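Some notes on the structure that comes next.
Remember, predicted model here, so these are calculated numbers, not experimental data. Within every chain, numbering begins at 1; the chains are lettered A, B, ... in the order of the sequence lines, protein sequences first and strands thereafter.
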Protein chains: 6
Amino acid sequence: MASRYFFVTLFALVISQAFGSDPSQLQDFCVAEMNPQVFVNGVVCKNPNAVTANDFFFPGLDKAGNTNNNLGGLVPPHYHPRATEILVVIEGTHEVVFVSSTNNQLFKKILNKGDVYVFPQGLIHFQFNRGWTNAVAFSGLSSQNPGVVFVANAIFGSNPPISDDVLAKAFRLDKKTIDRLQAQFTSGN
Amino acid sequence: MASRYFFVTLFALVISQAFGSDPSQLQDFCVAEMNPQVFVNGVVCKNPNAVTANDFFFPGLDKAGNTNNNLGGLVPPHYHPRATEILVVIEGTHEVVFVSSTNNQLFKKILNKGDVYVFPQGLIHFQFNRGWTNAVAFSGLSSQNPGVVFVANAIFGSNPPISDDVLAKAFRLDKKTIDRLQAQFTSGN
Amino acid sequence: MASRYFFVTLFALVISQAFGSDPSQLQDFCVAEMNPQVFVNGVVCKNPNAVTANDFFFPGLDKAGNTNNNLGGLVPPHYHPRATEILVVIEGTHEVVFVSSTNNQLFKKILNKGDVYVFPQGLIHFQFNRGWTNAVAFSGLSSQNPGVVFVANAIFGSNPPISDDVLAKAFRLDKKTIDRLQAQFTSGN
Amino acid sequence: MASRYFFVTLFALVISQAFGSDPSQLQDFCVAEMNPQVFVNGVVCKNPNAVTANDFFFPGLDKAGNTNNNLGGLVPPHYHPRATEILVVIEGTHEVVFVSSTNNQLFKKILNKGDVYVFPQGLIHFQFNRGWTNAVAFSGLSSQNPGVVFVANAIFGSNPPISDDVLAKAFRLDKKTIDRLQAQFTSGN
Amino acid sequence: MASRYFFVTLFALVISQAFGSDPSQLQDFCVAEMNPQVFVNGVVCKNPNAVTANDFFFPGLDKAGNTNNNLGGLVPPHYHPRATEILVVIEGTHEVVFVSSTNNQLFKKILNKGDVYVFPQGLIHFQFNRGWTNAVAFSGLSSQNPGVVFVANAIFGSNPPISDDVLAKAFRLDKKTIDRLQAQFTSGN
Amino acid sequence: MASRYFFVTLFALVISQAFGSDPSQLQDFCVAEMNPQVFVNGVVCKNPNAVTANDFFFPGLDKAGNTNNNLGGLVPPHYHPRATEILVVIEGTHEVVFVSSTNNQLFKKILNKGDVYVFPQGLIHFQFNRGWTNAVAFSGLSSQNPGVVFVANAIFGSNPPISDDVLAKAFRLDKKTIDRLQAQFTSGN
């Protein structure tokens, strides 16, 4: 069995390239200038006179992403600080889960081909391949720059690391376990 | 040959059901109350205590839409007054075109499987099946209520109709042609 | 009879010069820098220390605009992708019409001196001089850069042109008529 | 000489009735429900099915306003907490002035027929009839509910009144003068 | 030693009661109606005619909060999905840390009386009492409803729980440890 | 007796340095670039790669501000055009007052240690030390650039000055008194 997740990160990139619609648009379009000399909240735009149809185009979502990792069909718990996500299942059986910020209520669904699900902005969620085939889905994110925080990586793999006494207390684990987790998540193993 | 377009309207419905993200979210989620007693700018929300996982779920995007119409593989020129659209091609060869509001500049691209394209908010665009197979794509729209104005229908099929002397002058057609168009677009033929 | 429309474009220019209020203002004012070195969503501002009272001033709305065109008292069907318009009649008898995006419902009114009308953002509308005198009105637009799409020009006069097979199908006209319209709208005749 | 100012308040009313565009519009239009049962930030909307062309219409800007007051051609210093104002002069000679919040810099201009001026949101401004004829202008305000604070009335005519020891200290006037001003502004004399 | 944190939750409550400023204000104020019959994005407002000075008032920030918990001077890792936080230290020595969403970069500072720190919206952060006295701070949050997600509680204490096979894989812990953590965080021990 | 007000201006500075949250954030943070070469609505950001923990840090709120002025414990009537203010009392007895824009209704409260009060955006307000000790409070403002207009200074101390005939009429004072006030407020005495 080779359970997999494709495209999640890739697709965010597409939107971030050409959407520019978080605040109201004040012109027909703002194509991101990729080498800005000036930094603003969001992207600086390319000169509109230099924009062509290719700036609205992104190929390759029919190519499988690289699934050579040790997660085995799990997009682990994460959240997008600046975007709601909408997911369409292309193939496979997906468990989708998010947890609300009110009483940590969990919302869960099993999705199959043609099913759509929404993960509200800022809430922790994950997708898990619960079937025996590849799992493929497209994700749309409602921001030019949604951001992504993988919870385990932010907590145990930050640079520099969080003090292990803080993490031991917060996660009710002994320091030795914390140190082992920090070593693993920091090295990217 | 049976060229077709699927899902465009359908998908907009999904987003309109559960997105609620045009203005910043002021709570975890706002699921649209479908029978509101009060009208506001946008949707009134369901009582959050009555929300379940099904409110974030929409099935059926694997079912072909009804293409039994006389447009023959064309989603005719239209615009969304309140949303940018992002389109992912699942199958077929699509001509995608939009016209900017500055000098009526036309942006055009031929898309195939796995290609993505963006139509900026408020600009007239269309998709046309340029191949010999079905054309299938998913569209995401950046608003809970994107709206759609099909140009020919709004101009020639409004209710009540626009005076034919106005349309004859604006479109440089004789009144008889205008009357024929109005009859066709009004009846939905 | 010389029916005319004045000022519509002119007035939009004024607002675009000094308003800067689409998103919330984050400073007292943002006067548009007319030769920007950097492009953002909206305008870059002049150095506030160089701003004078003249930056908030625009003269000449008492001068008649140029009405030497072949439209004969019609501001033809168009929409503003980024602004609601409010119109005050100064002189003459004006037919004002807009079409909603819901069922193409038409809203129509005859206006005389002192009457005010509102065209909602993104909806197709037109003004027509229904009287025997000049028709003069002031229009305010709710954006620094409202944009304007004249429907017939965007459809038949884009650069490069839309394929005539698409337009013939969408507008239910034969290709010969489409070609004649494209020739006329492209040349600006 | 009968110097006068017309329409300023009147025109704000028009916009407040039908604009509804401060935040992005999430539907074609939101016509204010005048007898709301529920209060939200801004207006509750009429049921869209009950909206007619008259909801976008406001007559009577050709009728002179009532100028029977003791201000003699002055719209005294005031500001709009939620709107930028754009003013078009129809008749007369107007002194227009605003004061920025940075170093209290004053911006001043004399306007005549056809001149336009902009007062930025939240800054104190006034208009004064500097000529020997009526002064007439139209004002557009960039909010459904711009608000207006006439400075002298808010300071000396609040209900209940501000303590006279505070005002004496803040305005460097003796308490007796403060008491006289409070009596005048409170009674509306 | 009794290290403690006060007021964080309490202060959020104050802002949520009367701020109403996430989107632009469309009226002088919107005081939250605490028993709404209708749900919108954010709060429904009290009838403005019923608003008094007490609606803008909140007492008691001089009273120590209840610190009778098992966290021992730690506000454990959490984030606010809808608000940036600004913190002013009143007493004690505070370690403040947040982790960015770009490469999990950690930003850390030791704060003492009179120091101010900012935690950007949506980023995981914590405060830890690094001294031998009480630690007291005031926190302001930039939303009427900032939300708070305590990471360990959302992950290990959701209701219903996340499958232990998912958590074991995501956090690289054995299922037995996961089960123990879930038991602890769910019971609130 | 030495009644005093501390920190109001100081604290606004802190927020203006690092908040950047008036519109939705489109990235983790935008730290203000203090020597911008380009001007936009709001601040230009520092290169995110150059940001350190110190950019989120501001010390010194435990130091008393300079109260060597002639206002004697009064923060005189003023308003913030772009921010709501929330105030926490640290020490002393404070009279807090604001005046609404609807009928100039006055809202007043006496605050003591631990009390919180909110001044809505754009409304005239003041704080007065009504006790016999120092009065200390922290103020948070909901904008990166709230702005402040001290009413008496804007009216009587603008540069250049407002014509004394306008002020005499608006404030019902004789020109001699107006001239005296203008001399005082202009010189900063």
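Distance CG/N49(E) to CD/Q105(F): 8.5 Å, rounded to 0.5 Å. Atoms OH and CG, on Y117(F) and N54(E) in that order, are 8.0 Å from each other to the nearest 0.5 Å.
For T102(E), the parts lying under 4.5 angstrom from a heavy atom of chain F are both the backbone and the side chain. For F98(E), the part lying near chain F is the side chain, with the backbone staying farther off; criterion is any non-hydrogen pair under 4.5 Å. Contacts between I90(E) and chain F at a heavy-atom distance below 4.5 Å involve the side chain alone, from C-beta outward.
The aromatic rings of F138(F) and F138(E) stand perpendicular to each other, their planes meeting at an angle above 60°, with 30° marking the opposite boundary.
Applying the side chain to side chain contact (heavy atoms under 4.5 Å, CB included) test between F57(F) and each of L111(E), V118(E), V96(E), V116(E) identifies L111(E) as the sole match.
Around NZ of K46(E), the count of heavy atoms belonging to other residues, nucleotides or ligands within 6.0 Å exceeds 12. More than 12 heavy atoms of other residues, nucleotides or ligands lie within 6.0 Å of CG in N47(E), so this atom counts as buried by the packing criterion. Around atom NZ of K113(E), no more than 12 heavy atoms belonging to other residues, nucleotides or ligands sit under 6.0 Å away. Heavy-atom neighbours of D165(F) CG from other residues, nucleotides or ligands within 6.0 Å: above the threshold of 12.
Residues S101(E) and D28(F) come closest through the heavy atom pair N-OD2, 2.6 Å. A pairwise comparison of heavy atoms in S100(E) and F29(F) identifies CB-CE2, 4.4 Å as the closest pair.
Looking at heavy atoms from C-beta onward, V51(E) lies in side-chain contact with F107(F) at the 4.5 angstrom threshold.
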